[in-house]
Amino acid sequence: MNIDRYKKQIIFYGIGEAGQQKLLKSRVTIIGMGALGSVIANGLARAGVGYLRLIDRDYVDWSNLQRQVLFTEEDAKENLPKVIATKNHLTEINSEIEIEAISSDVNSSNIEGFIQDVDLVVDGTDNFEIRGLINEACDKHQVKWIYGGALASGGATMNILQGEETPCFRCFMDELPEEGTYDTCSTVGVTNAITGIIASFEVSEAIKILTDSDAVSTQYLAIDTYDNLIDYIDVEKNPNCPVCGQKQYTQLDSPAGSLSTSLCGTDSWQVASAANKKINLKLLAARLENVGDVNYTKFILSFKNEEVSFKIFPDGRAIFENVRDGIAAKTAYAEYIGL
Ligand SMILES: [Zn+2]
């Protein structure tokens with residue numbers, strides 16, 4: 001192993017030789033490999049976190065290149081799954097760590113398997129529902145996690161440390177907001193500065209947590225680069241919190257089902273197949289050849305005709321572009337792929 005690559009952080013008083021050894025032995029799951037996740041994965045891979053599990057459901061699109069720093073035009077041309085593109089680039093940067101790339105949705109049926117054997121979970125996602133699920137799964141298995149979110153020019157982050165004193169996500173996010181009632185990056189956009197800033201704070205806190213630093217933040221940090229605001233806020237633990245107080249895991253205990261989900265920042269809808277079926281992309285391509293244009297690699301199949309345009313992964317998830325709503329996406333799924 002080439003330990004020289006870590007020289008500058010070993011000299012740093014907050015990490016040192018002992019901290020570096022802890023990082024090399026650490027295991028981290030990063031959920032979401034978009035604007036936040038690609039900065040987080042980049043930082044933790046370069047810092048020498050020994051094992052990274054990367055999970056994301058999306059593929060690289062041209063509109064990602066503005067802020068998702070690890071991806072290239074070539075990745076967008078190939079429509080590579082984001083986790084595969086990330087693993088490819090990070091392996092060129094640090095071949096001495098282990099990287100597991102999982103191209104998958106995260107839901108109540110699989111999240112526990114993704115988080116229970118790691119030291120830390122880091123949030124690179126873009127919606128409240130998944131964060132609620134991460135919060136419940138991490139509380140159940142007492143795994144620390146770092147919340148992070150960014151929108152327009154603002155963002156926030158907080159460590160969820162599972163201690164007696166520190167709050168969980170649900171303690172300060174009392175009720176999950178109803179879908180459609182809050183802004184998303186589809187409606188208000190997002191700058192690459194704020195995603196980089198929030199993700200960099202997540203990287204810094206992750207390194208502190210993994211090296212048992214006494215400088216780990218217990219406050220909620222809010223930043224807005226257009227309101228010129230940086231604010232550390234004290235957040236109390238709620239003794240009646242349904243999650244960390246009463247151990248009610250409502251989201252985790254709900255069945256995953258066959259769902260259609262709007263993907264943030266696009267006019268796209270994902271349809272997940274109910275039974276997590278395996279799709280043979282070659283056979284599907286042969287079936288679709290007569291009704292439109294088909295391209296496929298071992299990771300993804302792209303289809304387009306006058307009516308519909310979609311991409312499908314080997315695990316049966318499909319992403320429909322420019323569709324009206326989730327119902328239209330499901331209808332097209334049934335018609336072209338079969339439920
Ligand atoms: Zn709580």
Side-chain angles (χ1 to χ4, degrees), residues 30-43 45-46 52 54-94 99-106 124-127 150-151 184-196 198-199 261-272 279 281-282 284-285 288 292-306 308-323 329 332 336-337:
I30 306 170
I31 302 180
M33 209 41 58
L36 295 172
S38 55
V39 173
I40 296 162
N42 183 43
R46 288 179 191 270
L52 292 175
L54 317 175
I55 312 164
D56 189 278
R57 61 187 178 189
D58 206 359
Y59 59 88
V60 181
D61 174 84
W62 288 89
S63 72
N64 301 148
L65 301 181
Q66 167 250 3
R67 66 197 178 286
Q68 302 185 12
V69 297
L70 279 176
F71 307 136
T72 64
E73 292 186 354
E74 204 54 40
D75 298 331
K77 272 182 211 155
E78 286 181 41
N79 293 136
L80 273 185
K82 288 182 182 175
V83 287
I84 302 293
T86 305
K87 184 178 175 175
N88 290 349
H89 297 305
L90 291 184
T91 303
E92 289 180 346
I93 290 161
N94 192 344
I99 300 171
E100 184 185 11
I102 302 174
S103 174
S104 167
D105 209 19
V106 173
T125 69
D126 60 11
N127 69 82
L151 199 61
T184 71
C185 65
S186 303
T187 56
V188 296
V190 64
T191 68
N192 61 16
I194 193 65
T195 51
I198 294 297
T261 325
S262 166
L263 295 187
C264 194
T266 64
D267 299 319
S268 300
W269 284 77
Q270 172 188 262
V271 179
I279 299 264
L281 297 183
K282 191 176 173 186
L284 180 63
L288 292 171
D293 299 331
V294 191
N295 283 299
Y296 71 98
T297 64
K298 66 177 174 175
F299 301 118
I300 199 163
L301 178 151
S302 309
F303 177 82
K304 193 179 172 76
N305 68 11
E306 282 173 7
V308 68
S309 165
F310 66 82
K311 298 191 168 51
I312 181 163
F313 298 89
D315 67 356
R317 289 173 310 109
I319 295 173
F320 290 81
E321 290 143 13
N322 302 314
V323 284
Y336 287 91
I337 301 155

**Request:** Check side chain to side chain donor-acceptor pair (under 3.5 Å) between Asp56 and all other residues, then give those that pass, not counting sequence neighbours.
**Result:** none
**Prompt:** Which atoms form the tightest heavy-atom contact between Ile40 and Gly124, and what is the distance?
**Reply:** CD1-CA, 4.4 Å
**Request:** Report the residues that fulfil ring-ring contact (aromatic ring centres under 6.0 Å, His included) with Tyr296, sequence neighbours left out, ordered by chain and then residue number.
**Result:** none
**Prompt:** Checking Lys311 side chain against Ile300 main chain: does a donor-acceptor pair fall under 3.5 Å?
**Reply:** no
**Prompt:** Are Val60 and Gln68 side-chain neighbours, meaning at least one heavy-atom pair lies under 4.5 Å?
**Reply:** no
**Request:** Compare all side-chain heavy atoms of Val69 with those of Asn192 and state whether any distance is below 4.5 angstrom.
**Result:** no
**Pairing residues for Lys77 by the salt bridge (Lys or Arg N to Asp or Glu O under 4.0 Å) criterion, not counting sequence neighbours** = Glu74
**Item:** Partners meeting side-chain contact (heavy atoms from CB on, under 4.5 Å) with Val294 (sequence neighbours left out)
**Value:** Ala285, Leu288, Leu301, Phe303
**Fill in**
Sequence neighbours excluded, the answer for side chain to side chain donor-acceptor pair (under 3.5 Å) partners of Ser309 is Glu321
**Asked** What closest approach, in Å, do Ala150 and Ile194 show between heavy atoms, and which atom pair accounts for it?
**Response** CB-CG2, 4.1 Å
**Message:** If you apply the rule side-chain contact (heavy atoms from CB on, under 4.5 Å), what do you find for Thr297 with Glu78, and how did you get there?
**Reply:** CA-CA 9 Å; Thr297 64; Glu78 286 181 41; 5.8 Å; no
**Fill in**
Residues at least two apart in sequence or cross-chain that pass side-chain contact (heavy atoms from CB on, under 4.5 Å) with Glu73, listed by chain then number, are Trp62, Leu65
**Request:** Could you tell me whether the side chain of Pro81 reaches within less than 4.5 Å of the side chain of Met33, counting heavy atoms only?
**Result:** no
**Message:** Restricting to ring-ring contact (aromatic ring centres under 6.0 Å, His included), what partner residues turn up for Tyr59, sequence neighbours left out?
**Reply:** none
**Request:** List the steps, then state whether side-chain contact (heavy atoms from CB on, under 4.5 Å) holds for Lys82 with Ser38.
**Result:** CA-CA 9 Å; Lys82 288 182 182 175; Ser38 55; over 6 Å; no
**Request:** May I have the step-by-step check of salt bridge (charged side-chain N to carboxylate O under 4.0 Å, His left out) for Asp293 and Lys304, ending in yes or no?
**Result:** CA-CA 5 Å; Asp293 299 331; Lys304 193 179 172 76; over 6 Å; no
**Fill in**
One should read off an interatomic distance between Ile312 CD1 and Ile279 CD1, to the nearest 0.5 angstrom, of 4.0 Å
**Prompt:** With a 4.5 Å heavy-atom cut-off, do Asp58 and Ile319 have their side chains touching?
**Reply:** yes
**Prompt:** Looking at residues at least two apart in the chain, or sitting in another chain, which of them share a side chain to side chain donor-acceptor pair (under 3.5 Å) with Thr191?
**Reply:** none
**Prompt:** Between Val39 and Thr195, is a side-chain contact (heavy atoms from CB on, under 4.5 Å) present by the stated rule, with each step listed?
**Reply:** CA-CA 8 Å; Val39 173; Thr195 51; 6.0 Å; no
**Asked** side chain to side chain donor-acceptor pair (under 3.5 Å) with Asn295: which residues, sequence neighbours excluded?
**Response** none
**Message:** Test of understanding: with side-chain contact (heavy atoms from CB on, under 4.5 Å), list the residues that count as partners of Ala329, not counting sequence neighbours.
**Reply:** Trp269, Val271, Phe320, Val323
**Fill in**
On a heavy-atom basis, the closest approach of Val190 and Gln66 is O-NE2, 3.1 Å
**Prompt:** Who passes side-chain contact (heavy atoms from CB on, under 4.5 Å) against Asn88, sequence neighbours left out?
**Reply:** Leu80, Ile84
**Item:** With sequence neighbours excluded, residues passing ring-ring contact (aromatic ring centres under 6.0 Å, His included) with Phe313
**Value:** none
**Item:** Least distance between heavy atoms, Asp105 atom then Ala272 atom
**Value:** OD2-CB, 4.3 Å
**Message:** To check you understand the geometry: which heavy-atom pair defines the closest contact between Pro314 and Leu281, and what is its length?
**Reply:** CG-CD1, 4.0 Å
